[in-house]
K.L.:
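Mind having a look at this structure? Questions to follow.
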Amino acid sequence: MSRKTRVLTLALGGICCFGVSRASADSFLPGNVWPNADLSVAATPGVDQVYGPNVTGDANPRPDGWHRGGSDFGVTTTPSFCFYNTTSNTASEGVAPAGLSDGNALQVSDSSTNGYGEWFSDWNALPASVIANPGESFVFQFFVQYQNVSSTQRPVGSDQFRVSADFGDAVGDDVTTFPNNLGHTDYIIPDGSPDQTSWLQVDETLTAPAGAASMRVTVDSGGSSSAEGQIWVTDISVAEVPEPTSLGLLAGGALLLAKRRRRA
């Protein structure tokens with residue numbers, strides 16, 4: 001699969017390899033352990049209690065395992081920044097870009113310099129082999145579209161739209177579980193990036209810090225009020241890095257298929 005390099009900003013998380021490509025028909029990693037990967041399962045209707053049972057929570061439709069943050073944190077009114085897009089618009093928040101597994105997507109749409117939007121997942125379990133073998137790498141894959149990304153933050157690029165991964169030492173619902181945050185890494189979309197109007201596949205090979213048992217994913221418009229634009233994210237998957245023998249078999253099979261096609 002052809003790949004091209006894009007801008008990446010790293011923090012403690014420790015990315016070993018990074019690449020992007022056009023979306024293929026197989027939009028999930030083999031052996032994926034990430035729950036609700038296609039975002040098609042809606043959360044149980046009702047108020048999403050935000051960090052405590054006595055705090056007003058989000059009463060809007062959302063994917064199971066995901067929560068609104070930023071300026072939409074804990075609001076029961078219609079979201080201003082963070083939208084749950086569905087193929088048939090059943091969430092009444094806009095229709096996701098077409099394609100991939102089913103068309104469901106997370107969207108952050110920020111046209112304000114007075115706030116920002118954020119989606120964040122629960123603390124989901126890492127692949128078992130990664131937990132059992134500290135230092136073992138794994139693959140984090142997602143698909144993204146974006147447009148009109150800009151920022152008034154200076155220096156340029158210091159506060160942009162991003163997809164982040166945090167590592168924790170416990171698994172659970174993010175609004176009720178408070179694991180120790182062991183590391184962090186960002187996929188940054190720089191200020192003034194050309195619009196990406198078809199699904200772009202992003203593959204990151206990550207190495208979790210020692211003691212990590214879970215990972216949380218965040219999609220946000222920069223973490224402050226400076227960044228503006230729109231971003232859609234869908235089809236998130238996490239899996240072990242394929243064994244070298246498996247990669248060899250795949251490569252050999254592809255070569256054999258190519259030879260047969262040439263003979264035909």
K.L.:
Is Ser109 close to Phe81 at the side-chain level, that is, under 4.5 Å between some pair of heavy atoms?
P.N.:
no
K.L.:
Hey, quick one: are Phe83 and Leu106 part of the same hydrophobic cluster, counting side-chain heavy atoms closer than 4.5 Å, chains of contacts allowed?
P.N.:
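Result: no, two separate clusters.
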K.L.:
Is a side-chain N or O of Asn124 found less than 3.5 angstrom from the main chain of Pro35, in a donor-acceptor match?
P.N.:
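Not at all, since once roles are kept as given, no pair shorter than 3.5 Å links the two residues.
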K.L.:
According to side chain to side chain contact (heavy atoms under 4.5 Å, CB included), who are the partners of Ala96, at least two apart in sequence or on a separate chain?
P.N.:
Asn85, Ala105
K.L.:
Are Ser111 and Glu228 close enough that a side-chain donor and a side-chain acceptor fall under 3.5 Å?
P.N.:
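Result is no, nothing qualifies.
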K.L.:
Give, for atom CZ of Phe73 and atom OH of Tyr116, the distance between the pair rounded to the nearest 0.5 Å.
P.N.:
9.0 Å
K.L.:
Is Thr76 reaching over with its side chain to a backbone N or O of Asp58, donor-acceptor style, under 3.5 angstrom?
P.N.:
no
K.L.:
Treat each ILVMFWY residue as a node, draw an edge where side-chain heavy atoms are under 4.5 Å apart, and state whether Val75 and Trp119 are in one component.
P.N.:
no
K.L.:
Under the 3.5 angstrom rule, does the side chain of Asp122 hit a backbone N or O of Asp174 as a donor-acceptor pair?
P.N.:
yes
K.L.:
Between Leu200 and Ile231, is there shared hydrophobic-cluster membership here, with clusters defined by ILVMFWY side-chain heavy atoms closer than 4.5 Å?
P.N.:
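As far as the 4.5 Å side-chain criterion goes, Ile231 and Leu200 are connected within one cluster.
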K.L.:
Give, for atom NE2 of His67 and atom OG1 of Thr218, the distance between the pair rounded to the nearest 0.5 Å.
P.N.:
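Going from the NE2 atom of His67 to the OG1 atom of Thr218 covers 10.5 Å.
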K.L.:
Please find out if less than 6.0 Å separates the ring center of Phe142 from that of Phe140.
P.N.:
yes
K.L.:
Rounded at 0.5 Å granularity, tell me how far CD1 in Ile236 sits from CZ in Phe143.
P.N.:
11.0 Å
K.L.:
Side chain of Asp195, backbone of Thr197: donor and acceptor closer than 3.5 Å?
P.N.:
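No, Asp195 side chain to Thr197 backbone: no donor-acceptor pair under 3.5 Å.
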K.L.:
Taking the side chain from Ser193 and the backbone from Ile189, do they hold a donor-acceptor pair closer than 3.5 Å?
P.N.:
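Such a contact is absent between Ser193 side chain and Ile189 backbone.
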K.L.:
Check whether Val163 and Tyr84 end up in the same hydrophobic cluster, where Ile, Leu, Val, Met, Phe, Trp and Tyr are linked by side-chain heavy atoms less than 4.5 Å apart.
P.N.:
yes
K.L.:
Looking just at side-chain N and O atoms, do Ser137 and Thr207 make a donor-acceptor pair shorter than 3.5 Å?
P.N.:
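There is such a pair between these side chains.
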K.L.:
Hey, any chance Val171 and Val217 share a hydrophobic cluster, counting ILVMFWY side chains that come within less than 4.5 Å of each other, even indirectly?
P.N.:
no
K.L.:
Is the side chain of Asn32 donor-acceptor paired with the backbone N or O of Val238 at a distance under 3.5 Å, no angle test?
P.N.:
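Side chain of Asn32 to backbone of Val238: a pair is present.
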K.L.:
So, taking the atom named CG in Leu100 and the one named CG in Asp38, what distance separates them when rounded to the nearest 0.5 Å?
P.N.:
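Between atom CG of Leu100 and atom CG of Asp38 there are 10.5 Å.
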K.L.:
What residues form a side chain to side chain contact (heavy atoms under 4.5 Å, CB included) with Asn89, not counting sequence neighbours?
P.N.:
Val95
K.L.:
Using the side chain to side chain contact (heavy atoms under 4.5 Å, CB included) criterion, which residues pair with Ala43? Sequence neighbours excluded.
P.N.:
Arg62, Asp64
K.L.:
Ignoring hydrogens and geometry, is there a side-chain-to-backbone donor-acceptor pair from Trp34 to Leu126 under 3.5 Å?
P.N.:
no
K.L.:
What distance do Cys82 atom SG and Gln107 atom CD have between them, rounded to the nearest 0.5 Å?
P.N.:
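CD of Gln107 is found 9.5 Å from SG of Cys82.
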K.L.:
Between Ser237 and Leu29, is there a donor-acceptor pair closer than 3.5 Å when you use the side chain of the first and the backbone of the second?
P.N.:
yes
K.L.:
Any donor-acceptor pair under 3.5 Å linking the side chain of Asp72 with the backbone of Pro79?
P.N.:
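No, because the side chain of Asp72 does not come within donor-acceptor range (under 3.5 Å) of the backbone of Pro79.
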K.L.:
Judged by modelled atom types alone, do Asp186 and Ser164 share a side-chain donor-acceptor pair under 3.5 Å?
P.N.:
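Yes.
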K.L.:
Go through the side-chain N and O atoms of Thr87 and Asp102 and say whether any donor and acceptor fall under 3.5 Å apart.
P.N.:
no
K.L.:
Output yes when a side-chain donor or acceptor of Tyr187 lies under 3.5 Å from a complementary backbone atom of Val202, and no otherwise.
P.N.:
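Judged by distance alone, no pair lies under 3.5 Å.
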K.L.:
Please report the interatomic distance CD(Gln160) to OH(Tyr146), rounded to the nearest 0.5 Å.
P.N.:
11.5 Å
K.L.:
So does Arg216 pair up with Glu118, basic N to acidic O under 4.0 Å?
P.N.:
no
